Amino acid sequence: MIASKEHWEHIYQTRQPDDVSWTQAVPSMSLSLIKQLNLAKDARIIDIGGGDSMLVDFLLNEGYTNLAVLDISAHSLERAKQRLGKSADLITWIEADINDFKPEHTYDLWHDRAAFHFLRDPDQQYRYVQTAAIAATSHLIIGTFSISGPTKCSGLAIQQYDEKSMEDRFAPLFRKITCSTEDHKTPAGKLQNFIFCTFERT
């Protein structure tokens, strides 16, 4: 299961972006997959577990105008707001545990890099998919550690995935379009293998 809110608040209070493994200067895989969907610039996009990820910065620069970021940690969201400055007012910020998230809107794209794999309990995985099915009217992009990737992150055990297990987990509510892997180089120089899958709502 995802660790407590206190765990993540502590992480973001005590570590800078270069001190955590998930930091990306350029979220190239996510940007490439989003571009392939040919979404309208006013498409509603939510980044699950986005924290202080740079993805929202790049999407703003690409001209997307309807963006939301969800994270359990208030400190992570505040860091992103400070980085963005006045542009932060263009984003909807949602402080919530994904286990308890009750969407107030539907989204054309639900994006998640490295949040879903913290859900190891089958009931939590099921609820995640059900929540995504309510919120996402069109597409999902899910990035998790692959079966060749780490077994832990931030001191927590995670769930590894391959293409079949990703497809099985989201069926029948979502149909897999494509899956691909990426080696993420952490700020410390280590490689972590991710699998990214794009799904469409059935």
Side-chain angles (χ1 to χ4, degrees), residues 1-31 33 46-58 68-84 91 93-101 110-129 131-132 140-162 165-166 169-170 179-197:
M1 63 182 292
I2 288 182
S4 67
K5 177 177 175 61
E6 289 74 18
H7 173 89
W8 292 112
E9 296 292 11
H10 178 73
I11 292 292
Y12 282 103
Q13 281 181 292
T14 59
R15 301 185 191 177
Q16 295 302 308
D18 286 347
D19 299 325
V20 292
S21 64
W22 56 82
T23 295
Q24 291 180 297
V26 181
S28 54
M29 176 66 85
S30 294
L31 291 169
L33 293 174
I46 187 168
D47 188 17
I48 302 298
D52 63 350
S53 162
M54 295 287 290
L55 177 63
V56 69
D57 305 54
F58 283 92
V69 177
L70 178 147
D71 202 275
I72 194 173
S73 166
H75 283 88
S76 71
L77 298 178
E78 187 57 36
R79 287 205 324 207
K81 292 176 187 179
Q82 291 179 5
R83 184 186 69 240
L84 285 165
I91 310 299
W93 304 97
I94 304 169
E95 181 187 343
D97 184 334
I98 191 59
N99 290 303
D100 304 318
F101 179 46
W110 171 293
H111 173 274
D112 174 346
R113 174 185 177 268
F116 180 63
H117 63 204
F118 284 106
L119 298 175
R120 301 178 68 231
D121 184 284
D123 288 339
Q124 289 186 332
Q125 294 168 4
Y126 174 81
R127 289 203 305 273
Y128 179 104
V129 175
T131 300
L140 305 181
I141 294 174
I142 308 291
T144 74
F145 283 152
S146 77
I147 57 174
S148 300
T151 58
K152 289 186 175 183
C153 180
S154 190
L156 303 173
I158 60 88
Q159 179 72 50
Q160 296 174 313
Y161 287 93
D162 58 14
S165 57
M166 284 281 274
R169 188 71 69 231
F170 286 87
C179 290
S180 57
T181 59
E182 176 191 45
D183 279 326
H184 163 60
K185 189 173 184 179
T186 72
K190 296 181 180 179
L191 294 181
Q192 298 179 333
N193 193 250
F194 276 77
I195 182 167
F196 280 80
C197 292

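Because the structure is a prediction, the values reported are computed rather than measured.
Across S76 and G51, no two heavy atoms sit closer than the pair OG-CA, 3.4 Å. Residue G49 comes nearest to A115 through the heavy atom pair CA-CB, 4.2 Å, listed as atom of the first residue, atom of the second, then distance. Summarising the geometry of T151 relative to Q160, their closest heavy-atom pair is CG2-NE2, 3.7 Å, with the distance given to 0.1 Å. The minimum heavy-atom distance between E95 and I72, with the atom names listed, is CG-O, 4.0 Å. Across all their heavy atoms, L70 and A96 have their closest contact at CD2-O, 3.6 Å.
The side-chain contact (heavy atoms from CB on, under 4.5 Å) search around D123 returns D121, R127, not counting sequence neighbours. Partners of S165 under the side-chain hydrogen bond (donor to acceptor under 3.5 Å, both in side chains) rule, at least two apart in sequence or in another chain, are D162. Under the disulfide (SG to SG under 2.5 Å) criterion, C197 pairs with C179, sequence neighbours left out. Residues passing the side-chain contact (heavy atoms from CB on, under 4.5 Å) test with N193, sequence neighbours excluded: S146, S148, T181, D183. Annotation: side-chain hydrogen bond (donor to acceptor under 3.5 Å, both in side chains) contacts of E9 (sequence neighbours excluded): K5, S73, H75. By the ring pair (Phe, Tyr, Trp, His ring centres under 6.0 Å) test, Y161 pairs with F116, sequence neighbours left out. Residues forming a side-chain hydrogen bond (donor to acceptor under 3.5 Å, both in side chains) with T186 (at least two apart in sequence, or on another chain): none. By the side-chain contact (heavy atoms from CB on, under 4.5 Å) test, S53 is found to be paired with D47, L55, residues two or more places apart in sequence or in another chain being considered. For R83, the salt bridge (Lys or Arg N to Asp or Glu O under 4.0 Å) partners two or more places apart in sequence, or in a different chain, are D57.
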Which pairs would a plain distance check flag for residues 24-31, meaning a side-chain donor or acceptor within less than 3.5 Å of a matching protein atom at least two apart in sequence or in another chain?
from: Q24; atom 1: OE1; to: R113; atom 2: NE; distance (Å): 3.1
from: S30; atom 1: OG; to: H111; atom 2: NE2; distance (Å): 2.7

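Note on ring orientation: taking the six-membered ring where Trp is involved, the planes of W8 and F118 are perpendicular (angle over 60°, cut-offs 30° and 60°). Between F194 and H184, the ring-plane angle classifies as perpendicular under the 30° and 60° cut-offs. A perpendicular orientation is assigned to the rings of Y128 and F170, their planes being inclined by more than 60° (bins at 30° and 60°).
Interatomic distance, CG of D97 versus OG of S4, reported as 9.5 Å (0.5 Å rounding). Atoms CZ and SG, on F145 and C153 in that order, are 4.5 Å from each other to the nearest 0.5 Å. Separation of atoms CZ (F101) and OG1 (T131) is listed at 8.0 Å; rounding is to 0.5 Å. Rounding to the nearest 0.5 Å places CD1 of I94 at 9.0 Å from CG of L77. Taking CZ of R120 as the start and CD of Q125 as the end, the distance is 9.5 Å to the nearest 0.5 Å.
Judged as a salt bridge (charged side-chain N to carboxylate O under 4.0 Å, His left out), the pairs with a partner in residues 68-79 (not counting sequence neighbours) are, in order, D52-R79.
Test L140, I141, I98 against I48 for side chain to side chain contact (heavy atoms under 4.5 Å, CB included) and you get one pass: I98. Evaluated for a side chain to side chain contact (heavy atoms under 4.5 Å, CB included) with I142, the options M166, H117, R169 yield exactly one hit, M166.
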